[in-house]
Undergrad: 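Here it is, the structure, as structure tokens.
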Amino acid sequence: MTLHLVMVGPPGAGKGTQAKQLAKAYQLAHLSTGDMFRDQVARHTELGKLVDPIMKSGGLVPDDLTVAIVRDRLQQPDCTSGVVFDGFPRTVAQAQALDALLHEMGASIALVPCITVNDEAVVERISGRYTDRNTGQIYHLKFNPPPAGADLFQRPDDQEAAVRQRLQEYYRKTEPLIAYYQQRGVLQQFDGMQSIDDVFSAIDQAIRQL
Ligand code: ADP
Ligand code: ADP
């Protein structure tokens, strides 16, 4: 059985944290458009130069560029057994494009876990978020402390002004996805204020019941 999951929720909700665990548990490809764009920026590609200022300001990369990198990524062999989408789609236009791409592959979205957290938690989580440069593992100084000696970096867009802008973009452009996926009967809400392990267990249980 191929499994396609779409993680939805505000920045800092825990989408990446959960997506990594789900990918491991169900042998899915983890497709994070944020990670893909950060990789382009790090490699100073043309696309990277284009998206760097947009990401720094907390805006959204245009839909056509975003859909194009997802289309390419879905061609890779590791995507054939299933994908957990993390940070994509972020607009209704992207969601429609994803439906079309999956349809071409003879696949469809089985579950959209929507992780809910309040704005205060978003700011606290994002301000303590650090990523391991070598493994890509996401940590939090207080909630998920990194091991000693980890080579950590803080994302340049995890500054307060950019975070506020990202939240605004989320409410304006991404939240409408909740109704979009609700109408298709695939959305389930999960209380993201629980511990990382409890959020995982709840999503895992929902997948087992599909
Ligand atoms: P997103 O991908 O939605 O932006 P992340 O998975 O990067 O979110 O998580 C944001 C920050 O919050 C990270 O530092 C992560 O370690 C932490 N975090 C994730 N889930 C939880 C949770 N359930 N409780 C407390 N902190 C969490
Ligand atoms: P977070 O984990 O905090 O939700 P991401 O790593 O998913 O953030 O995304 C970081 C930034 O990359 C976004 O603020 C946006 O500029 C860009 N980005 C990532 N995914 C998309 C997308 N699907 N559409 C448009 N822009 C995106």
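Keep in mind the model is a prediction, meaning the values are calculated, not measured. The residues of the chain are indexed from 1 along the displayed sequence. Atoms within each ligand, like the ligands themselves, are counted from 1 in listed order.
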Undergrad: For ligand 1, which atoms, with element, lie under 4.0 Å from some heavy atom of Gly192?
TA: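 This gives 23 (N) as the contact atoms.
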Undergrad: Can you list the residues that meet the side-chain hydrogen bond (donor to acceptor under 3.5 Å, both in side chains) rule with Gln182, with sequence neighbours excluded?
TA: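 Testing Gln182 for side-chain hydrogen bond (donor to acceptor under 3.5 Å, both in side chains), a comparison that skips the adjacent residues, returns none.
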Undergrad: Less than 4.0 angstrom from a charged side-chain N to a carboxylate O is my criterion; do Lys142 and Glu124 meet it?
TA: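 Yes.
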Undergrad: Is the shortest side-chain N to carboxylate O distance from Lys49 to Glu46 below 4.0 Å?
TA: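 Yes, Lys49 and Glu46 are salt-bridged.
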Undergrad: Answer yes when Arg125 and Asp158 have at least one side-chain N-carboxylate O distance shorter than 4.0 Å, and no when they do not.
TA: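 Salt bridge absent between Arg125 and Asp158.
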Undergrad: Using a side-chain heavy atom cutoff under 4.5 Å and only I, L, V, M, F, W and Y, what cluster partners does Leu141 have?
TA: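 Answer for Leu141: Tyr130, Tyr139, Leu152.
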Undergrad: Which parts of the protein, at residue level, reach under 4.0 Å of ligand 2 through a heavy atom?
TA: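 Answer by chain and number: Pro11, Lys15, Thr33, Gly34, Phe37, Arg38, Met55, Gly59, Leu60, Val61, Thr66, Gly87, Phe88, Arg90, Gln94, Arg129, Arg155, Asp157, Arg166.
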Undergrad: Taking the basic N atoms (NZ, or NE/NH1/NH2) and the acidic carboxylate oxygens, is any pair closer than 4.0 Å for Lys20 and Asp86?
TA: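 A salt bridge is absent here (no side-chain N lies under 4.0 Å from a carboxylate O).
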Undergrad: Identify, by atom number and element, the atoms of ligand 1 in contact range of Phe143, meaning under 4.0 Å from any of its heavy atoms.
TA: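 It comes down to these atoms of ligand 1: 25 (C), 26 (N).
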Undergrad: Using heavy atoms and a threshold below 4.0 Å, how should the contact between Tyr139 and ligand 1 be classified: side chain, backbone, both, or neither?
TA: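 Backbone only; the side chain of Tyr139 stays clear of ligand 1.
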Undergrad: If the cut-off is 4.0 Å to any non-hydrogen atom of Ser195, which atoms of ligand 1 fall inside it?
TA: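 Atoms satisfying the 4.0 Å criterion: 23 (N).
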Undergrad: Are more than 12 heavy atoms from other residues, nucleotides or ligands located less than 6.0 Å from atom CD of Glu160?
TA: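 Incorrect, the count does not exceed 12.
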Undergrad: Quick one: list whatever passes side-chain contact (heavy atoms from CB on, under 4.5 Å) with Val92, sequence neighbours left out.
TA: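 Partners of Val92 by the side-chain contact (heavy atoms from CB on, under 4.5 Å) criterion, ordered by chain and then number, come out as Gln96, Pro176, Leu177, Tyr180.
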